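Heads up, the thing below is written out as C-alpha cells.
Note that the coordinates shown come from a computational prediction; the quantities given were computed from them, not determined experimentally. In listed order, ligands and their atoms are each counted from 1.
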Amino acid sequence: MSLISSQTVAEHATAASCWIIVHGKVYDVTEFLPEHPGGSKIILKYAGKDATEAYDPIHPPDAITTHLPKNKHLGAVDPTTVVKVKKEVTAEELRRQELVAARPSLDEIVNLHDFEAVAKAILPAKAWAYYSSASDDEITIRENRAAYQRIWFRPRILRDVSTVDWSTTILGQKSSLPVYISATALGKLGHPDGELNLTRAAGKHGVIQMIPTLASCSFDEIVDAAVPGQVQFLQLYVNRDREITKRYVQHAEKRGVKGLFITVDAPQLGRREKDMRMKFVDESGVAKVQENQGGVKKDEGVARAISSFIDPSLSWKDIPWFKSITNMPIILKGVATPQDALMAYDYGVAGIVLSNHGGRQLDTARSGIENLIEVVEALKTRGPWPNPQFEVFVDGGIRRASDVLKAIALGAKAVGVGRAFMYSFCAYGQEGVEKAFQIFRDELQMNMRLIGARTIDELTPDMVDASAIHSHVGLTPVDNLYNTTYQPLALAQFKTK
Ligand code: PPY
C-alpha cells in the first residue's frame with residue numbers, strides 16, 4: 001500500500017471528513033465521530049493531524065484498530081512528509097520538569113503519603129485532578145482515612161514475636177502481603193509505562209494485581225508483562241453489549257486470570273468536580289476565559305467522558321449469567337450493606353469488596369471498614385465464620401499497615417490499595433511501587449510484633465476496639481500527613497483579563 005503524505009491527511013480536517021494519525025497510521029474516523037465515547041470534540045481537535053500524544057494515555061494501543069472497521073484503516077503516513085512540530089514547552093511543563101529533577105531520593109521516602117506528595121507536585125494538572133478527585137464534597141474520600149483512626153488497638157504481650165509472617169492467600173492464591181493492588185484507570189496519565197509498573201513490581205514481590213478494564217495499557221500487554229506463575233485478577237466494567245463482556249471475560253480466563261471483580265457501584269459515574277473543572281483550565285494552568293456556548297456539550301472531565309459504555313441496567317439477574325460464562329471466582333466490588341452482602345452470598349459468588357470506589361461514587365457513603373463490622377455479623381447468620389467459601393475484602397483510604405491489620409482483625413481476608421500504589425509509580429516508576437511494598441513490609445513487621453500477632457490468622461477482633469467506628473464525630477488527633485496532601489475543593493473562578 002502506498003504511503004499517505006501528511007499534507008493529504010491535513011486536507012481531511014473537518015467533521016465532514018476527518019482523518020487522524022495514530023502511531024504512524026492514518027485512520028478515517030468521520031463516521032466514528034458520533035460514537036466516540038469521549039465525544040467528537042476531542043477528536044476534531046486533532047482532525048488532519050497526529051493524535052498519538054493525546055491518544056496514548058487514554059486508550060490501550062489496540063483500541064483504534066479493534067473498534068474501527070478495517071476499511072477505515074487507510075495506511076501508513078509517509079514519514080518524510082511529516083513536519084516535526086516543535087512542541088511548545090509551557091511554563092507549567094517547565095516547572096514540572098524542574099520538580100521531577102528535584103524529587104526527594106527514594107531513600108527519603110518513608111511512608112505512602114510521601115509518594116502522594118511527590119505525585120501531587122510532579123503530575124500534570126489534569127492527571128492529578130483525575131486521580132485525586134472524588135465525588136461531590138469529597139466527604140467520603142476523607143472519611144475513608146478518618147474511619148481507621150476511630151479504631152484503636154488492644155495489643156497482646158509476651159507472645160514471642162521473634163518471627164512474624166504476613167503472607168496469606170487471597171481466593172486460594174498465594175500473596176506475599178495481605179494487600180492486593182486494586183484497579184485504578186488510565187495509568188499512562190501519570191507515567192509512560194502506566195500499569196506495567198505495577199505488574200513488574202508485583203511479579204518481583206509476589207503481590208497480586210487487579211487489572212483494570214480501563215487501563216491505559218492493553219489487557220494483553222499487562223498479562224504479557226507478568227512472570228510465570230504471577231497471579232492477576234481482573235476488574236470488570238460491564239458493557240451494554242454483553243457479547244463484548246463475554247469475550248473479554250473468557251479471554252481473561254484463558255490467559256490465566258484468577259478472579260473476576262465486577263464493579264457494582266458505578267451504574268453512573270460520580271461527579272468528580274476537580275476533574276470536571278479541568279475543562280476551564282488551559283495548558284498553562286491559568287483559568288481560561290471561556291463562554292459556555294449554547295449547543296456545545298459540556299466537558300465532564302476525563303472519567304465521565306469515557307464511561308458511556310458502562311451498563312446501568314446491570315442487576316442481580318445478571319449474576320447467574322456471569323457464573324455461566326466463567327469458572328473464575330466472581331467477586332462483587334462495591335458492596336456497602338449487610339443486606340447486599342447476604343444477597344451476594346446467597347447468589348453464590350466467591351466474595352465481596354466493601355468499597356466506596358475511593359470516594360469517587362456516592363458521596364457521604366460510609367467507609368468500607370465501617371461496613372465490615374455489620375457485614376461480618378450478618379454473614380455469621382449463614383454459618384461458621386470465617387467462611388473459606390466467601391471472602392470479604394475492604395478498600396479505600398489504606399495508607400498504613402496498621403490500617404491493614406485493623407481490617408483483617410475485623411474479618412477482612414485482605415485489603416485493596418489503589419491510589420497509593422498508583423502514586424508510587426507516578427512518582428518513581430516501578431521502583432516506587434517496590435518501595436511501597438517494602439514500606440508495607442516494614443510497617444507490618446513492626447505492628448504485628450507490637451500487637452502480638454505472629455501470623456495473619458492470629459489477628460482477632462479482640463485486638464481492636466472499634467466501639468467508636470459508628471460515631472462520625474471526629475475527636476481523633478489530626479492526620480497531618482493526609483491533610484497536607486489533600487487538596488481542598490475550589491469554587492468556580494472569576495474570569496481573568
Ligand atoms: C474511576 O475513575 O473511578 C474509574 O473507576 C475508572 C473510570 C474511568 C473512566 C470511566 C469510567 C470509569
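Taking only non-hydrogen atoms, the option from L214, T213, D265 nearest to atom 7 (C) of ligand 1 is L214.
A salt bridge is absent between K126 and D275: the closest approach of a Lys/Arg side-chain nitrogen to an acidic carboxylate oxygen does not fall below 4.0 angstrom. Taking a cutoff of 4.0 Å between a charged side-chain nitrogen and a carboxylate oxygen, R255 and D224 qualify as a salt bridge. Ion pairing between a basic and an acidic side chain is recognised when a charged N comes within 4.0 Å of a carboxylate O; K188 and D193 show no such pairing. Salt-bridge annotation for D265 and K333: absent, with no side-chain N of the basic residue lying under 4.0 Å from a carboxylate O of the acidic one.
Taking any N or O of S307, backbone or side chain, none lies under 3.5 Å from an N or O belonging to ligand 1.
Taking every non-hydrogen atom of A185 and a distance limit under 4.0 Å, the qualifying atoms of ligand 1 come out as 6 (C). Per-residue contacts place Y237 under 4.0 angstrom from the following atoms of ligand 1 (heavy atoms of the residue considered): 4 (C), 5 (O), 6 (C), 12 (C). Taking every heavy atom of R272 and a limit of under 4.0 angstrom, the matching atoms of ligand 1 come to 1 (C), 2 (O), 3 (O).
The aromatic rings of Y423 and W128 are tilted relative to each other, their planes meeting at an angle between 30° and 60°.
Residue contacts with ligand 1, taken as heavy atom pairs separated by less than 4.0 Å, do not involve T263 at all. Only the side chain of H357 comes within contact range of ligand 1, with a heavy atom under 4.0 Å; no backbone atom does.
Between the side chain of T30 and the main chain of C18, a donor-acceptor pair closer than 3.5 Å is present.
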